[in-house]
Amino acid sequence: MARHLITSALPYINGIKHLGNMVGSMLPADVYSRYLRQRGHEVLYICATDEHGTPAELAAKEAGLSVAEFCAQAHDAQKAVYDGFELSFDYFGRSSSVQNREITQHFARRLQKNGFIEERAIRQVYSPVDGRFLPDRYVEGTCPHCGYDKARGDQCENCTRVLDPTDLIEPRSAISGSTELEVRETKHLFLLQSKLQHEVEEWVSRHEAEWPQLAASIARKWLTEGLHDRAITRDLDWGVPVPADTWPELAAEGKVFYVWFDAPIEYIGSTKEWSDLDPANRDYKSWWYEAEDVRYTQFMAKDNVPFHTVMFPATELATREPWKKVDYVKAFNWLTYYGGKFSTSQKRGVFTDQALEILPADFWRYFLIANAPESDDSSFTWEHFTATVNKDLGGTLGNFVNRVLTFSRKKFGDEVPAGSPAGEAEAKLGEQIAELLAEYEGHMESLQYRKAAAALRALWSAGNAYLDEKAPWLEVKTDLEGAALTLRTAMNLIHLYSVVSEPFIPASARAMRSSFELADDTATWVTPEQARSLDAVPAGTPFTVPPVLFARITEEDQESYRERFGGSETG
């Protein structure tokens, strides 16, 4: 089996993420990781909190904590939420780790040695009121490209264009709000991306045909516009320090690397954090260095695509070392909230910790993946969420499980009934299930999440159609053995659903599977050929009826959620 390295874009440290962040990177990566593990592949799913840069310093200042204390607390808070969503990271690290610092500094030294870093004097925004240079997000103003008046000094959130602080119109300090800003000269390190243009173009051209159109088009757009040399250091107190053995003057001035230089390197750093926990049995380099047997898949929202398809590959290429580069980039559009942006300050939209407060994780996991913003932006509404959860999870899957097990226990006791041998209806059902399962596998392999969810939903619906056709509640009156066969077949469907639904709804899958007391229930997957026979749960197997899997969301619930989080059918 193949070795699969999977990473999702690092969630930034300054606050709990919203549902759009969840579906844009971490959740789909988890679903894919779970699926691959079930199919027998060796998987390493790595993520981490992105802890450097100006927002971390600003958030720490607002919280009245040192940056180190703030980041430690925020990391634990985020990890608790991701545990609640059952994200199956093999390791969830921190970009402020010693490992990331060492590897980032190694990369920088290699780039310097190979002639891809240059020290330049630049003119940078300085705030006399704050008594410091203002890098990146310490400067806010109006975007010169789209006119958005809350653009940051590193990137405009509205049009996604990468900016320098000096590009902004009517700039102001994010610390004090002062507009009395000056431009002074200071020295910084620049990554000479312009010298890597052709190498990156050649690398992208070898991969873009396999990538989704969204990822490929964004990468190609950046290359068409041309790669520009970019400053990779900043005047901050918190970050990976410039190594004194290579740049003593800049190190003495306290320069640190720009967060977008060290953050992608943290994928490697986090893997080394994982490896260092058990060095006798783990080797991070086997996944990252001369790792030709590894297939590397990255998950991210569209605003992160340029950094992962162009800038980080350029950095890796410039080291002249055989670091593993991404094979497949699964990029997502944005999830909006009633057509607008999620906003903490405006109390608009659902954030992941709040989501877990009101409903189980599987409700969110299923809805988000079934409506993943793959081909275009998608909008979260409570009306759509409620209809989807009640219909698919409650009405289709949950109702099937409950009525089969409850009725069987009532008529035949607490063991799977034997009944007649399988007949024509069961053979037809087996063929249908095998076909749908193969379709589901194909969509999971190709990372087509909406299509995979539709195929899974069709599997669930097939069970209901079979049950309605056979009508065991009528059958039991005239053909007791036939009714027992119907229920035994339906119980085998429940077991099959518990296995193949696990990537989407792991907690519910466990509940379904644990309903059957099977001594040797060790199967990690069910192939279409195995599914055709529907005989994994034999007659005589003890079973229990689980609690209601998916409680119905009422209109009153829906109204209270809209009132709490904002949103209406009109926007």
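Positions are given from 1, in the same order as the sequence printed here. Predicted model only: the values in this text are computed from it and were never measured.
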Between [X] and [Y] (salt bridge meaning N to carboxylate O under 4.0 Å), is one present in this structure?
X: Arg206; Y: Glu201; value: no
X: Asp50; Y: Arg94; value: no
X: Glu140; Y: Lys150; value: no
X: Glu316; Y: Lys324; value: no
X: Lys302; Y: Asp377; value: yes
X: Asp327; Y: Arg295; value: no
X: Asp468; Y: Arg403; value: yes
X: Glu225; Y: Lys221; value: yes
X: Arg34; Y: Glu86; value: yes

Taking every non-hydrogen atom, the tightest pair across [X] and [Y]:
X: Ala509; Y: Glu502; value: CB-CA, 3.7 Å
X: Glu374; Y: Asn333; value: O-ND2, 3.1 Å
X: Trp203; Y: Thr309; value: CZ3-O, 3.4 Å
X: Ala331; Y: Ala215; value: CB-CB, 3.9 Å
X: Arg365; Y: Pro503; value: NH2-O, 2.7 Å
X: Leu405; Y: Pro546; value: CD1-CD, 3.6 Å

Validation row: Arg220, Glu208 side chains within 4.5 angstrom (heavy atoms):
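The answer is yes; the side chains approach within 4.5 Å.
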Do Leu163 and Cys156 have side-chain heavy atoms sitting under 4.5 Å apart?
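With C-beta onward as the side chain, the pair touches.
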For the backbone of [Y] and the side chain of [X], can you confirm whether one donor and one acceptor N or O come within less than 3.5 Å of each other?
X: Ser97; Y: Gly93; result: no
X: Thr352; Y: Lys17; result: yes
X: Asn402; Y: Asn399; result: no
X: Thr396; Y: Leu393; result: no
X: Trp364; Y: Ala355; result: yes
X: His41; Y: Val43; result: no
X: Tyr12; Y: His52; result: yes
X: Ser501; Y: Ser498; result: no
X: Ser176; Y: Ser173; result: no
X: Tyr138; Y: Pro165; result: no

Using a distance-only test with no angle check, is there a side-chain donor-acceptor pair under 3.5 angstrom linking [X] and [Y]?
X: Tyr337; Y: Trp382; answer: yes
X: Asp362; Y: Ser508; answer: yes
X: Thr554; Y: Asp557; answer: yes
X: Tyr267; Y: His308; answer: yes
X: Glu51; Y: Ser96; answer: yes
X: Ser88; Y: Arg37; answer: yes
X: Glu445; Y: Tyr440; answer: no
X: Arg457; Y: Tyr366; answer: yes
X: Tyr296; Y: Gln298; answer: yes

For side chain to side chain donor-acceptor pair (under 3.5 Å), just list the numbers for Thr49 and Gln78, CA-CA rounded to whole Å, side-chain angles, deciding distance to a tenth of an Å, and then say yes or no.
CA-CA 8 Å; Thr49 37; Gln78 286 199 26; over 6 Å; no
I need the full list of ring-ring contact (aromatic ring centres under 6.0 Å, His included) pairs touching residues 76-97, with sequence neighbours left out, sorted by first then second residue.
Tyr45-Phe89, His75-Phe92, Tyr82-Phe92, Phe89-Phe92
[Y] ring center within less than 6.0 Å of [X] ring center:
X: Tyr328; Y: His207; answer: no
X: Phe351; Y: Phe565; answer: no
X: Phe332; Y: Trp334; answer: no

Quick one: which of Phe380, Tyr561, Tyr338 gives a ring pair (Phe, Tyr, Trp, His ring centres under 6.0 Å) with Phe385?
Phe380
By the definition side-chain contact (heavy atoms from CB on, under 4.5 Å), identify the one residue from Leu397, Leu359, Val401 that meets it with Phe550.
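So the option named by the test is Leu397.
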Looking at Asp90, Leu44, Leu36, which hits side-chain contact (heavy atoms from CB on, under 4.5 Å) with Ile6?
Leu36
Does the cation-pi check pass for Lys341 over Tyr148, that is, NZ or CZ under 6.0 Å from the six-membered ring centre and within 45° of its axis?
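Yes, Lys341 sits over the ring of Tyr148.
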Gap separating the CG atom of Asp154 from the CG atom of Asp164, nearest 0.5 angstrom:
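If I round to the nearest 0.5 Å, the distance is 9.5 Å.
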